[in-house]
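We use all heavy atoms of the structure for the numbers below, so side chains are in, but hydrogens, waters and symmetry mates are not.
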Amino acid sequence: MIIVIKKDSSEKQVKNLISWIESQDLRVHVSTGEYNTVIGLIGDTSKIDADLIEGLDIVESIKKLSESYKKANRKFHPDDTVIDIGGGVKIGGGHFSIMAGPCSVESKEQLTSIATSVKESGATVLRGGAFKPRTSPYDFQGLKAEGIQLLLEAKKQTGLPIVTEIMNINHLDLFENVDIIQVGARNMQNFDLLKELGGTKKPILLKRGLANTLKELLMSAEYIMAGGNENIILCERGIRSFDTFTRNTLDLSAVPMLKEYTHLPVIVDPSHATGISRLVKPMSLAATAAGADGLIIEVHNDPVHALCDGAQSLTPAQFKEVADKVFKLRKVIKD
């Protein structure tokens with residue numbers, strides 16, 4: 001249930017209502033927008049007399065929610081959420097960001113070179129895998145803690161915030177200085193991990209699972225938000241389908257649909273979605289046109305010899321071409 005408060009209501013009146021709601025063994029989530037204040041009721045609302053509340057002078061309307069996700073629901077929070085990454089970088093609410101970098105961190109030289117080039121081309125966040133979940137146990141698994149240190153060195157040198165994936169909650173201490181913690185597709189429903197991340201205040205990049213619905217993605221976000229962390233960026237990265245031409249099927253309809261149902265920012269990963277570098281540009285443009293709040297793109301200075309996902313990685317020159325076209329398209333969309 002959500003209660004929409006009239007714009008001219010006093011702060012004291014709102015506080016009195018909240019105190020009464022909390023006395024009914026319910027929790028509240030308050031969202032103050034440009035035009036009104038929304039109070040979300042969390043818990044068993046069956047004992048609440050909706051007619052009584054709706055009759056109060058300060059109440060404009062009451063809406064009952066059928067969706068099981070509450071905090072991620074746009075009805076709870078009508079305005080777009082803007083995630084402040086730090087260093088002047090924001091995502092959501094009209095703020096657009098491109099995250100770029102190698103699938104996996106391989107060496108200091110490799111990472112520094114890529115970080116410098118993607119920043120020059122307009123990337124505002126450096127991505128790079130330190131811990132790598134791989135289908136085969138014999139594939140490169142990442143540099144782990146050393147990889148995070150190299151990312152932090154690249155951040156210091158370029159000023160770019162960093163995003164990297166966590167696989168085990170026992171590694172959380174290693175992510176103390178990481179700006180965005182990524183939860184990969186395989187861990188989207190690792191509920192113990194999601195609960196622990198709810199106790200942090202760091203932005204979380206939550207990727208859609210390979211075979212998960214949008215509602216399941218929102219419920220995973222709800223796990224994190226229920227723990228107190230509302231800094232979540234959703235990511236569409238392609239889903240498993242019957243087609244074998246591409247690595248996955250990029251579900252671009254997810255962008256406008258998610259924006260209709262949630263206030264959280266939505267970005268798109270065209271690299272993992274297609275698995276083919278030549279498709280990254282058209283899919284990046286399509287995602288931008290669909291209203292995505294950002295992109296996360298894999299870039300490698302030598303894709304042929306990359307230790308992970310070279311086939312879907314752009315060279316720095318290719319990334320610059322994509323970024324230039326995306327920024328031009330953004331201007332057209334704004335106009």
Side-chain angles (χ1 to χ4, degrees), residues 1-83 92-93 183 188-201 203-204 206 208-209 212-234 254 256-266:
M1 179 185 293
I2 62 173
I3 302 171
V4 181
I5 303 298
K6 292 178 181 177
K7 187 176 181 179
D8 58 353
S9 301
S10 69
E11 185 177 345
K12 182 179 180 181
Q13 288 175 307
V14 175
K15 284 184 177 180
N16 287 340
L17 177 57
I18 291 174
S19 296
W20 180 81
I21 294 171
E22 290 176 335
S23 72
Q24 306 302 306
D25 296 325
L26 293 169
R27 290 181 293 133
V28 299
H29 179 278
V30 181
S31 175
T32 303
E34 183 178 353
Y35 300 106
N36 52 35
T37 297
V38 174
I39 302 175
L41 278 60
I42 302 171
D44 181 9
T45 60
S46 60
K47 57 188 176 182
I48 295 295
D49 187 341
D51 292 333
L52 175 65
I53 297 177
E54 197 163 20
L56 297 175
D57 291 339
I58 65 170
V59 175
E60 182 175 299
S61 63
I62 289 181
K63 300 176 183 178
K64 293 186 178 180
L65 299 182
S66 58
E67 300 90 352
S68 47
Y69 52 94
K70 307 298 183 184
K71 293 195 171 189
N73 200 316
R74 185 174 284 281
K75 293 176 183 176
F76 255 48
H77 194 301
D79 296 333
D80 289 341
T81 287
V82 178
I83 307 296
V183 176
M188 192 206 85
Q189 289 187 308
N190 183 340
F191 299 122
D192 287 339
L193 174 62
L194 300 179
K195 289 177 184 178
E196 288 293 331
L197 293 176
T200 74
K201 295 301 179 184
I204 306 296
L206 180 63
R208 183 183 182 182
N212 288 107
T213 66
L214 296 181
K215 181 178 180 181
E216 288 169 339
L217 174 61
L218 291 173
M219 288 307 302
S220 290
E222 193 78 11
Y223 263 93
I224 301 172
M225 299 178 81
N229 184 359
E230 300 185 4
N231 297 309
I232 301 170
I233 304 162
L234 302 176
M257 284 304 298
L258 285 171
K259 284 182 164 291
E260 182 177 328
Y261 285 96
T262 184
H263 53 90
L264 299 173
V266 182

Give a yes or no on this: more than 12 heavy atoms of other residues, nucleotides or ligands lie within 6.0 Å of atom CG of D49. yes

Taking the side chain as every heavy atom from C-beta outward, state whether W20 and I53 have any pair of such atoms under 4.5 Å apart. yes

Could you check whether any side-chain N or O of N229 sits under 3.5 Å from a backbone N or O of L197, counting only pairs where one atom can act as donor and the other as acceptor? yes

I want to check something: taking the side chain as every heavy atom from C-beta on, are L17 and I5 in contact at a cut-off of under 4.5 Å? yes

What are the two closest non-hydrogen atoms of V82 and G92, and how far apart are they? CG2-O, 3.5 Å

Atom of Q189, atom of S220 and distance for their closest heavy-atom approach: CG-OG, 4.0 Å

Without hydrogens or angle criteria, can the side chains of S10 and Q13 be said to hold a donor-acceptor pair below 3.5 Å? yes

Y223 vs F191 aromatic rings, parallel, tilted or perpendicular, using cut-offs 30° and 60°? parallel

With heavy-atom distances below 4.5 Å as the criterion, would you say the side chains of I21 and I3 are in contact? yes

Whether E67 and K75 form a salt bridge (side-chain N of Lys/Arg under 4.0 Å from carboxylate O of Asp/Glu) is what I want to check. yes

To the nearest 0.5 Å, tell me how far K7 NZ sits from E60 CD. 11.0 Å

Look at the side chain of T45 and the backbone N and O of I48, then say whether any donor-acceptor pair between them is shorter than 3.5 Å. no

Below 4.5 Å, heavy atoms only, C-beta onward: do L194 and I204 meet side chain to side chain? no

When rounded to the nearest 0.5 Å, the distance separating CG of L41 from CD1 of I39 is 7.5 Å

To the nearest 0.5 Å, tell me how far T37 OG1 sits from E11 CD. 10.0 Å

Would a 4.5 Å heavy-atom cut-off, applied to side chains only, mark L234 and T262 as touching? yes

Atom CD in E54, atom CG in D51: separation rounded to 0.5 Å? 6.5 Å

Answer with yes or no whether the side chains of E230 and H77 bring together a donor and an acceptor at under 3.5 Å. no

Show the nearest heavy-atom pair for residues S9 and K6, with the distance to one decimal. OG-O, 3.0 Å

Minimum heavy-atom separation for K215 to Y69, with atom names? CG-CE2, 4.4 Å

Heavy-atom side-chain proximity of P265 to D80 below 4.5 angstrom: no

Can you find a pair of side-chain heavy atoms, one from I83 and one from N231, that are under 4.5 Å apart? yes

All heavy atoms of N73 vs all of H263, minimum pair found to be O-CD2, 3.5 Å

L217 and side chain to side chain contact (heavy atoms under 4.5 Å, CB included): which single residue from N212, L258, V266 fits? L258

Is there a side-chain contact between L26 and M1, using heavy atoms and a 4.5 Å cut-off? no

Please answer whether the main-chain N or O of A72 pairs with a side-chain N or O of E222 as donor and acceptor at a distance below 3.5 Å. yes

For the student: nearest non-hydrogen atoms of K201 and G228, plus distance: NZ-O, 3.1 Å

Short side-chain to backbone donor-acceptor contact, K259 and L264, under 3.5 Å: no

Walk me through whether H29 and F76 qualify under side chain to side chain contact (heavy atoms under 4.5 Å, CB included). CA-CA 8 Å; H29 179 278; F76 255 48; 4.0 Å; yes

Between E216 (side chain only) and T213 (backbone N and O only), is there a donor and an acceptor less than 3.5 Å apart? yes

Return the CE to CG distance between M225 and L206, rounded to the nearest 0.5 Å. 11.0 Å

